[in-house]
Amino acid sequence: MKDRYEIAVVHGDGIGPEICRPALGLVDAALRQDGLMHWSEYPAGAEHFQATGDGFPEATRKACAAADAILHGAAGIPGVVHPDGTEVGLDFTLVNRFTLDLYANIRPIRLYEGVACPLAGVKAGEIDYIVVRENSEGLYAARGAGSLLRGEMAVDPLVQTRKGIERIVRKAFELARQSKGAPSDGVRRVTCCDKANVLRSYAFFRQVFDEVALDYPDIETEYAIIDAMTMHLVLRPSHYNVIVTENMFGDIISDLAAATIGGLGLAPSAEVGVSNGLFQPSHGSAPDIAGKGVANPYGMVLSAAEMLDWLGHGNGDDRLLAAAGRIRTAAAEGLAEGHMTPDLKGKLSTGEVMDILVGKVAGMA
Ligand code: NAD
Ligand code: IPM
Ligand code: MN
């Protein structure tokens, strides 16, 4: 087993540092062993760009590529943009996704005991699915490559390749196989979410989905067109087990899904490829609450648990898997006991919630 893991840590902007910094201490407490995670902090983001003119320094890029894993808070300041109008602060996430080929963006969506669900009558455990978002192409393939013709017309190409679709669909089927199925009926199913009824590249997405599905006869399959999908996620969320979809659709439905379980502050993500992984909550830098010490840390904490899981499985290291389990247990207990920030109608600060979680993991076997 490794005697230490190199983790590149980028806190980012806004609430990023407020949630990311304390998460390091929680992971160390859960691991019971300081130094097993060798945290190295690097700058990136809009604030760094404002200070230095460089939103994603070369040293940070190199460290991310060399690290065993990357942990990120959140980044971005609206209005801090490139000449093409897109945000500078997002370079860290987007460039890493492409250069490290982090093709799978895995976003678990789970309604926890103790959290008020905005959907009438839906109880804890009745929402428990994974959004598997293709993370290396789709409409995001155009990032930095869109064109503006004579100030009259702008074009962002939507790219969907056989290789890109096949590997993300296979990832979705593998996750369904490892799951306990949909809350409503226990069926392991993968829902292909697309716009095949209108656009050729989504019809191709569905065609490749069908081809891969032949290798998984034990897994039920279905299609959902993106517009109706947004309704289904609100009206019958317990039907879903694993949803696979293109990059932009995944971005949008994962925020909707987060709302159905109580809010963006509860949504973790794992962005993984073959040998690199970036772990961050699905939400952004939340400028509207930054600096007030009230950011919900649970999405960050659960993203750190995803990181430990990914490293633990990848290195056959049970110490990390055990620590991930402790963190998840602490988070579930914390929510069930009502230890929450104002976004979840709680009265606690970020720091108070984190202190409680650290206390919990420290007290566990
Ligand atoms: P956002 O996710 O930052 O915030 C949306 C809403 O959710 C806000 O009301 C915010 O207060 C709330 N919220 C988000 N996270 C929360 C948390 N942990 N606790 C409590 N409330 C939380 O999205 P936005 O306002 O559209 O974007 C703000 C900035 O973040 C933009 O610059 C955007 O580009 C950037 N962004 C970055 C990432 C990332 O770094 N991964 C992701 C999304 C958006
Ligand atoms: C997300 C964010 C990102 C995206 C930004 C930060 C580039 O919204 O991770 O969901 O658009 O994918
Ligand atoms: Mn998003």
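For reference, positions follow the sequence shown, starting with 1. First listed ligand is number 1; within each ligand, the first listed atom is number 1.
At a threshold of 4.5 Å between non-hydrogen side-chain atoms, the residues L264 and D255 count as touching. The side-chain heavy atoms of S179 and I130, taken from C-beta on, include no pair separated by under 4.5 Å. Looking only at side-chain heavy atoms (C-beta outward), F279 and L311 stay at 4.5 Å or farther from each other. A heavy-atom distance below 4.5 Å is not found between the side chains of T221 and C192. For the pair V27/W39, a side-chain contact is recorded, criterion being any heavy-atom separation below 4.5 Å from C-beta on. Taking the side chain as every heavy atom from C-beta outward, T86 and V81 never approach each other to under 4.5 Å. Proximity of N241 to V187: side-chain heavy atoms (C-beta onward) are nowhere separated by under 4.5 Å. Contact check for F92 versus I70: side-chain heavy atoms found under the 4.5 Å cut-off.
By the definition of a contact as any protein heavy atom under 4.0 Å away, atom 26 (O) of ligand 1 is not in contact. At least one protein heavy atom sits closer than 4.0 Å to atom 39 (C) of ligand 1.
With a 4.0 Å cut-off on non-hydrogen atoms, M248 does not touch ligand 2 at all. Heavy atoms of R143 found under 4.0 angstrom from ligand 2: none, in either backbone or side chain. Heavy atoms of S282 found under 4.0 angstrom from ligand 2 belong exclusively to the backbone. Neither the backbone nor the side chain of I19 has any atom closer than 4.0 Å to an atom of ligand 1 (non-hydrogen atoms only). Counting heavy atoms under 4.0 Å from ligand 1, residue N296 touches it through both backbone and side chain.
Among protein heavy atoms, the minimum distance from atom 11 (O) of ligand 2 is reached at Y140 OH, 2.6 Å. Counting protein heavy atoms only, atom 31 (C) of ligand 1 is closest to E87 OE2, 3.5 Å. Looking from atom 29 (C) of ligand 1 to the surrounding protein, the closest heavy atom is S285 OG, 3.2 Å. For atom 6 (C) of ligand 1, the closest heavy atom belonging to the protein is L264 CD1, 4.5 Å. Counting protein heavy atoms only, atom 3 (O) of ligand 1 is closest to A286 N, 2.9 Å. The protein atom (non-hydrogen) at minimum distance from atom 6 (C) of ligand 2 is L90 CD2, 3.7 Å. The single protein non-hydrogen atom nearest to atom 14 (C) of ligand 1 is H283 CB, 3.7 Å, given as residue, atom name and distance. Looking at atom 12 (O) of ligand 2, its nearest protein heavy atom turns out to be R133 NH2, 2.6 Å.
Close to ligand 2: R97, with a non-hydrogen atom less than 4.0 angstrom away.
Near P78, meaning under 4.0 Å from any of its heavy atoms, are these atoms of ligand 1: 32 (O). Of all atoms in ligand 1, listed by their number and element, those nearer than 4.0 Å to a heavy atom of G76 are 32 (O). Heavy-atom contacts of G265 reach the following atoms of ligand 1: 17 (C), 18 (N) (cutoff under 4.0 Å). In the vicinity of A295, heavy-atom distances shorter than 4.0 Å reach the ligand 1 atoms 19 (N). Annotation for ligand 2: atoms under 4.0 Å from non-hydrogen atoms of L94 are 7 (C).
Not a single N/O/S atom of D255, whether from backbone or side chain, sits less than 2.8 Å from the Mn ion (ligand 3).
Side-chain atoms of T93 do not come within 3.5 Å of backbone N or O of L90 as any donor-acceptor pair. Side chain of N135 to main chain of A104: no donor-acceptor pair is present (N/O by atom type, distance under 3.5 Å, no hydrogens or angles).
Salt bridge status for R328 with E306: present, with a side-chain N to carboxylate O gap under 4.0 Å.
Taking the ring centre of Y223 as origin, the terminal cationic atom of R206 falls inside the region bounded by 6.0 Å and 45° from the ring axis. Cation-pi geometry between R319 and Y5 is not satisfied (NZ or CZ under 6.0 Å from the ring centre, within 45° of the ring normal).
Comparing Q280, E271, H72, M300 against atom 41 (N) of ligand 1, the shortest heavy-atom distance belongs to Q280. The residue among T93, V294, I15, D343 with a heavy atom at the shortest distance from atom 16 (C) of ligand 1 is I15. With atom 37 (C) of ligand 1 as the reference point, the heavy atom nearest to it among A259, A74, A75 is part of A75. Nearest to atom 22 (C) of ligand 1 by heavy atom, out of T350, D288, I289, is I289. The residue from H72, R107, Q280 that puts a heavy atom closest to atom 1 (C) of ligand 2 is R107.
D251 has its closest N, O or S atom to the Mn ion (ligand 3) at the position named OD1.
For the side chain to side chain donor-acceptor pair (under 3.5 Å) test with H11, the passing option among E18, E41, H72, E47 is E41; the others fail.
The shortest N/O to N/O separation between D251 and ligand 2 falls below 3.5 Å. In terms of N/O distances under 3.5 Å, ligand 1 is approached by G284. Considering backbone and side-chain atoms alike, P287 places every N or O at 3.5 Å or more from each N or O of ligand 1.
Open room surrounds CD on E113; 12 or fewer heavy atoms of other groups in view lie less than 6.0 Å from it. A 6.0 Å sphere centred on NZ of K2 holds more than 12 heavy atoms belonging to other residues, nucleotides or ligands.
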Q: Would you sort out whether D227 and K195 count as a salt bridge (charged side-chain N to carboxylate O under 4.0 Å, His left out), showing the intermediate values?
A: CA-CA 8 Å; D227 45 353; K195 194 72 183 177; 3.2 Å; yes
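The aromatic ring centres of Y202 and F249 sit less than 6.0 Å apart.
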